[in-house]
Structure formats: C-alpha cells, structure tokens
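Quick note on labels: first sequence line is chain A, next is B, and so on, each numbered from 1. If you're wondering where the values come from, they're calculated on a predicted model, not measured in any experiment.
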Amino acid sequence: DSGVTQTPKHLITATGQRVTLRCSPRSGDLSVYWYQQSLDQGLQFLIQYYNGEERAKGNILERFSAQQFPDLHSELNLSSLELGDSALYFCASSREGGDNQPQHFGDGTRLSIL
Amino acid sequence: QKEVEQDPGPLSVPEGAIVSLNCTYSNSAFQYFMWYRQYSRKGPELLMYTYSSGNKEDGRFTAQVDKSSKYISLFIRDSQPSDSATYLCAMGNSGGYQKVTFGTGTKLQVIP
C-alpha cells in the first residue's frame, strides 16, 4: 500500500459529461502529481501541485483542470468528455516537489467514456 | 527522439532466470534514476531509487547506472512468476520543479 488514495476506482460516463477525480496524498507529502495512462501508452504527466500551488504543467488539455486544497488533497476535473479521454488516471505524491523526489502512486481511477 | 527509450517487450523468461531491463536516455543532465513496477490495473510501485552512477542492490534487485553511456539497467535475480509486470524507468535532473520523465515500460512475463 503506497498510502496514496484515489477515488473512485472506476467511473463510467458519457461524452460531453464532467467528472471529478479525487486524490489523498501520503501523510506528510506536500506535492501531488496527476498522470494519464492510456492503453499501451506510457504515463503522460498532466499537472503538479505543491502545497496548494500549481508547480508544473504537462500535456493537460484545456478541458481539464485541477486544484490542491488546504488539507493537501487534490481533485482533477475533466469536462466535455470525449471518447479519447478513456484512460487510467493516476495520482502520485512526494515529500517535496523536486524531480529528485521519488513519487508514490495510487491505484488510479479507470475512466470509461461511452 | 524521446528523452527516455525503453523496449516495450514483452520479455518472456523461465522462472529462476536473471532478467535484465534497460533504458537509454539522451538528456545528460539526468542525475536521479528510479525503477517502478506496475501490475495490471494497479499503480506503479517504486522499486529502486539511485543517484548518479554505480550500482545499488536491494534483495533480488540491482539497479545500475552508467552515465557515460546514458544507460540504466535493472537486474532481477532468481525471477519469480510474481515478478511478471511492467517495469518503468524514470529520471529527474535538477531537484527543481521539473517533471520526472518516465519510460513507456517493459512488460515482463516469468514462466513457471
């Protein structure tokens, strides 16, 4: 158990809808990362937060947004969903936010768009 | 050219074999190297974390970094069917707020 909790585990919805994915980092970790992993694709970095502030942005679509709250949990919001958004979405956390920090991953939310 | 290259496999080996998993990279600034194991439908699990060149051993796992060749390896001794998973390498360079770069993963199957 990595200590990173993601909910829900599975999400099935339709095109055009909006969903929110939630992540609770490991106790004591200040930084949260979001990744997308499609079938047979590597981990695509979306966005990073550190202690409530956005720190780095990857290939995140404008339809997607995220935030980190004062209690350090984070939410990833996906809107105007398209079939191509079907993927595993992982959250990871690290103690600080540097790229020398090992990241610890949750078990992901599997998003299926019908 | 991708910053990190990793053979996707699949790599099939008999139980008990020594497995060698590799990544090459192009960014000479990378200093921090990690290996993750990912079982199907689970999140990546950190296996090894190394800094700079050299070897690091943890049980049946050995991570090796050759910065001169821009090449890292993960060796698994006495491989077990439970080692069947996808293995991802990951690298960072500065300690600053830059993204860690992941390889696409090598799928390993250990045959009983």
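- For A:Arg18, there are no side chain to side chain donor-acceptor pair (under 3.5 Å) partners at least two apart in sequence or on another chain.
- Distance alone, capped at 3.5 Å, is enough to place a donor-acceptor pair between the B:Tyr36 side chain and the A:Gln103 backbone.
- Considering only residues two or more places apart in sequence or on other chains, A:Asp85 meets the salt bridge (charged side-chain N to carboxylate O under 4.0 Å, His left out) condition with A:Arg63.
- Other residues, nucleotides and ligands place more than 12 heavy atoms under 6.0 Å from the NZ atom of B:Lys67.
- There is no contact between A:Gln6 and chain B, counting heavy-atom distances below 4.5 Å.
- A distance of 13.0 Å separates NZ in A:Lys9 from CZ in B:Arg41, rounded to the nearest 0.5 Å.
- Linking Ile, Leu, Val, Met, Phe, Trp and Tyr whenever their side-chain heavy atoms come within less than 4.5 Å leaves A:Trp34 and A:Leu30 in two separate clusters.
- Within 6.0 Å of the CG atom in A:Asn59, the count of heavy atoms belonging to other residues, nucleotides or ligands does not exceed 12.
- Rounded to the nearest 0.5 angstrom, A:Phe105 CZ and B:Gln38 CD are separated by 8.5 Å.
- Linking Ile, Leu, Val, Met, Phe, Trp and Tyr whenever their side-chain heavy atoms come within less than 4.5 Å puts B:Phe33 and B:Leu21 in one cluster.
- Against chain A, the residues from residues 101-112 of chain B that qualify, each with a non-hydrogen atom under 4.5 angstrom away, are B:Phe102, B:Thr104 in number order.
- Residues A:Leu78 and A:Leu61 are members of one and the same hydrophobic cluster, defined by side-chain heavy-atom contacts under 4.5 angstrom among Ile, Leu, Val, Met, Phe, Trp and Tyr.
- The interface of residues 106-114 of chain A with chain B, defined by heavy-atom distances below 4.5 Å, comprises A:Gly106, A:Asp107, A:Arg110.
- Connection of A:Tyr89 to B:Leu88 is not established within any shared hydrophobic cluster, with ILVMFWY side chains joined at heavy-atom distances below 4.5 Å, either directly or through further cluster members.
- Clustering ILVMFWY residues whenever any of their side-chain heavy atoms sit less than 4.5 angstrom apart, transitively, puts A:Leu81 in the very cluster that holds A:Leu11.
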